[in-house]
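Report on the structure given below.
Whatever order the structure lists ligands and atoms in, that order sets their numbers, starting from 1.
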Amino acid sequence: MPAASALQDLAHPDNICYGCGRAHPSGLRIKSRWDPDGVHVIAHHLPRPEFAGWTNRVYGGLLAMLVDCHCNWTAMAHHYRAEGREPGSLPPIHCVTAHLGLDYLKPTPMGQELMLRARVEGETGRKTRVLCEVIAAGEVTARGDSVFVRVDPARFMENTASGA
Ligand SMILES: CC(C)(COP(=O)(O)OP(=O)(O)OC[C@H]1O[C@@H](n2cnc3c(N)ncnc32)[C@H](O)[C@@H]1OP(=O)(O)O)[C@@H](O)C(=O)NCCC(=O)NCCSC(=O)Cc1ccccc1
């Protein structure tokens, strides 16, 4: 079966987010895709050497970035599907991180492609809870439990702290 298209490419190809923006010049550019099981959303990422946090161990802040972006895309994919629409159809759906929760269960080795495996656990209106595992060499090394809120981008920008 051919790999599903990445949600980022379908829904927001001009995005400049450091973690998931296709248009960011030097960002992580993660790609999140529906798993064939129809429940999980999967991404793979090989940490670059500058993201070491300890000898041969991945910096925890990188894991937070990966989980943040991947889970946000999981939430947005869920909203598109709940409306019976394809990612990329109009009007676009936007979610933002309201709460980012991450437990670091064991050190994550460098030099391994990581798998992020996320799913929606509960949705109430604009609010979506997303659970995520970070898997390295077949072991879960971190577990996310986060909340994403669907927003109107114009209103979100208006609410930005003064100065921007
Ligand atoms: C928009 C909102 C999150 C919520 O405000 P409003 O719209 O006024 O809505 P309201 O306060 O009514 O809440 C609605 C519902 O949500 C609930 N809830 C709220 N908070 C929490 C919580 N902490 N924890 C748990 N739940 C919480 C709240 O109780 C309510 O639930 P209810 O319906 O009563 O059951 C606002 O606080 C904000 O702008 N925060 C900054 C967000 C930001 O800057 N994020 C980082 C940048 S984004 C990024 O970079 C990621 C990205 C990656 C990839 C691609 C794209 C993006």
Heavy-atom nearest neighbour in the protein, as seen from atom 41 (C) of ligand 1, with distance rounded to 0.1 Å
Phe156 CE1, 4.1 Å
I'd like to know if atom 54 (C) of ligand 1 has any protein heavy atom within a distance of less than 4.0 Å.
yes
Are Arg143 and Glu121 ion-paired here, with the side-chain N under 4.0 Å from a carboxylate O?
no
Do you know which two heavy atoms are closest between Ala11 and Trp73, and how far apart they sit?
CB-CZ3, 3.6 Å
Looking only at protein heavy atoms, identify the closest one to atom 50 (O) of ligand 1 and say how far it is in Å.
Asp68 OD2, 4.5 Å
Determine if the distance from atom 2 (C) of ligand 1 to the closest protein heavy atom is below 4.0 Å.
no
For atom 23 (N) of ligand 1, which protein heavy atom lies nearest, and how many Å away is it?
Ala98 O, 2.9 Å
For atom 26 (N) of ligand 1, closest protein heavy-atom neighbour
Val147 CG1, 3.9 Å
Mode of Arg126 contact toward ligand 1 - side chain, backbone, both, neither (heavy atoms, under 4.0 Å):
side chain
Is the shortest distance from a heavy atom of Thr124 to ligand 1 less than 4.0 Å?
no
Are any of the protein's heavy atoms under 4.0 angstrom from atom 11 (O) of ligand 1, yes or no?
no
Quick look: Thr97 vs ligand 1, heavy-atom contacts under 4.0 Å, and the answer is both
Are any non-hydrogen protein atoms located under 4.0 Å from atom 5 (O) of ligand 1?
no
If you round to the nearest 0.5 Å, how far is CZ of Arg126 from CG of Asp152?
9.0 Å
Nearest to atom 35 (O) of ligand 1 by heavy atom, His94, Lys127, Gln8: which?
Lys127
Atom 16 (O) of ligand 1 - nearest protein heavy atom and its distance
Val149 CG2, 3.4 Å
Nearest 0.5 Å, what's the CZ-CG distance between Arg33 and Leu7?
8.5 Å
If you have a sec, work out which protein heavy atom is nearest atom 8 (O) of ligand 1 and how many Å separate them, to one decimal?
Arg155 NH2, 4.0 Å
Is ligand 1 less than 4.0 angstrom away from at least one heavy atom of Val151?
yes
For Cys20, the ligand 1 atoms with a heavy-atom partner under 4.0 Å come out as 54 (C), 55 (C)
Does atom 45 (N) of ligand 1 have any protein heavy atom closer than 4.0 Å?
yes
Nearest neighbour of atom 51 (C) of ligand 1 from the list Asn15, Asp152, Asn72, on a heavy-atom basis:
Asn72
For the student: nearest non-hydrogen atoms of Asn72 and Val96, plus distance
ND2-CA, 3.8 Å
So, His78 and Thr128: side-chain donor and acceptor under 3.5 Å apart, yes or no?
no
Specify the closest pair of heavy atoms between Cys71 and Cys132, including all atoms of both residues, with the distance to one decimal.
SG-CB, 3.3 Å
Measuring to protein heavy atoms, does anything land under 4.0 Å from atom 20 (N) of ligand 1?
yes
His24 and Ile16 have their tightest heavy-atom pair at CD2-O, 3.2 Å
Surrounding OH of Tyr59 (heavy atoms of other residues, nucleotides or ligands, distance under 6.0 Å), is the total greater than 12?
no
How far does CG of Leu116 sit from NE2 of His40, to the nearest 0.5 angstrom?
12.5 Å
To the nearest 0.1 Å, how far is atom 24 (N) of ligand 1 from its closest protein heavy atom, and which atom is that?
His99 CB, 3.5 Å
List the atom of Tyr104, the atom of Gly61, and the distance in Å for their closest heavy-atom pair.
OH-N, 4.3 Å
